[in-house]
Amino acid sequence: MNTHAIWGWLACCAIGVIGSGMALAAERDPLKPRVPDSELAAAQKLPNPVASSADTIAKGKALFEGKGTCFKCHGLKGTGDGPLSKNLKPSPRSFVNGEWQKVRTDGEMFWVIKNGSPGTGMVSLIPSDINDEEAWTIIHYVRTLK
Ligand code: HEC
């Protein structure tokens, strides 16, 4: 191998490494609100009408892993690495992020499940996949993932 070939091989390798790193898209400012300013205060105050209990959390888990389809992007453990996550930019929220859990209210999560996060893979899932009550139920389960 002459020096040119060696440099070519090194460059190719480096691009390969950087390229594979880029395949894992980053989350976009997880702590920044997703609800538009005009609706934020109302969404933040919206209480979860479903009481949290062991039963609701179990129902929420079944919906998250079933007809709610959440796991496909957010992953079974909520880490944001579900089977459909690879091509999504920004990547799905990791629900295990305690800081994000602290700043986000149930009402804001509900708003996103209902309206989606414009310009991202997070599309509206109500009423196409789940109803309001099911979304509130799933939120109780999401709270357990942190
Ligand atoms: C097709 C992929 C996909 C599916 C299915 C999906 N999500 Fe998401 N979700 C995303 C992506 C991508 C983001 C990040 C959006 C952003 O950064 O604004 C996200 C963000 C979120 C957020 C965070 C919003 C915020 O305020 O930070 C919540 C909550 C959420 N999803 C809940 C759910 C729930 C609950 C389900 C199932 C009912 C679900 N998602 C299904 C892709 C998905």
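Every number for a ligand or one of its atoms is a count from 1 in the order of the listing.
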Tell me the contacting part of [X] for ligand 1: side chain, backbone, both, or neither, using a 4.0 Å heavy-atom threshold, strictly below.
X	result
M122	both
V123	neither
F95	side chain
S91	backbone
S117	side chain
H74	side chain

Any heavy atom of R104 closer to ligand 1 than 4.0 angstrom?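 It does, in that a heavy atom of R104 comes within the 4.0 Å cut-off of ligand 1.
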
Determine, using heavy atoms of L84 and all atoms of ligand 1, whether some pair is separated by less than 4.0 Å.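 So L84 does not count as touching ligand 1.
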
Check whether any side-chain heavy atom of L31 sits under 4.5 Å from a side-chain heavy atom of E99, and report yes or no.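 Yes - at least one pair of side-chain heavy atoms lies under 4.5 Å apart.
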
Over 12 non-hydrogen atoms of neighbours within 6.0 angstrom of CG in D37: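 No, because the 6.0 Å sphere around CG of D37 holds 12 heavy atoms or fewer from other groups.
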
State whether the number of non-hydrogen atoms from other residues, nucleotides or ligands found under 6.0 Å of E39 atom CD is greater than 12.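 Yes.
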
Which is closest to atom 27 (O) of ligand 1 by heavy-atom distance: W100, F110, Y141?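 Minimum heavy-atom distance to atom 27 (O) of ligand 1 goes to W100.
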
Ring centroid separation F71 to F64 under 6.0 Å: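 Between F64 and F71, which both carry aromatic rings, the centre distance is not below 6.0 Å.
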
Go through ligand 1 atom by atom and flag the ones less than 4.0 Å from a non-hydrogen atom of [X].
X	result
T120	15 (C), 16 (C), 18 (O)
P90	12 (C), 17 (O)
T69	5 (C)
G68	37 (C), 38 (C)

Just how far is it from atom CH2 of W136 to atom CG of N131, taken to the nearest 0.5 Å?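 Answer for the CH2-CG pair, W136 versus N131, is 12.5 Å.
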
For the atom pair CD (E27) and CZ (R93), what is the distance rounded to the nearest 0.5 Å?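 One finds 5.0 Å between CD of E27 and CZ of R93.
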
Side-chain ion pair, K86 and D81, N-O less than 4.0 Å: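 Salt bridge absent between K86 and D81.
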
Taking H140 as the fixed residue, which of N48, D106, D55, T56 is the one that meets the side-chain hydrogen bond (donor to acceptor under 3.5 Å, both in side chains) rule?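 Result for side-chain hydrogen bond (donor to acceptor under 3.5 Å, both in side chains) with H140: N48.
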
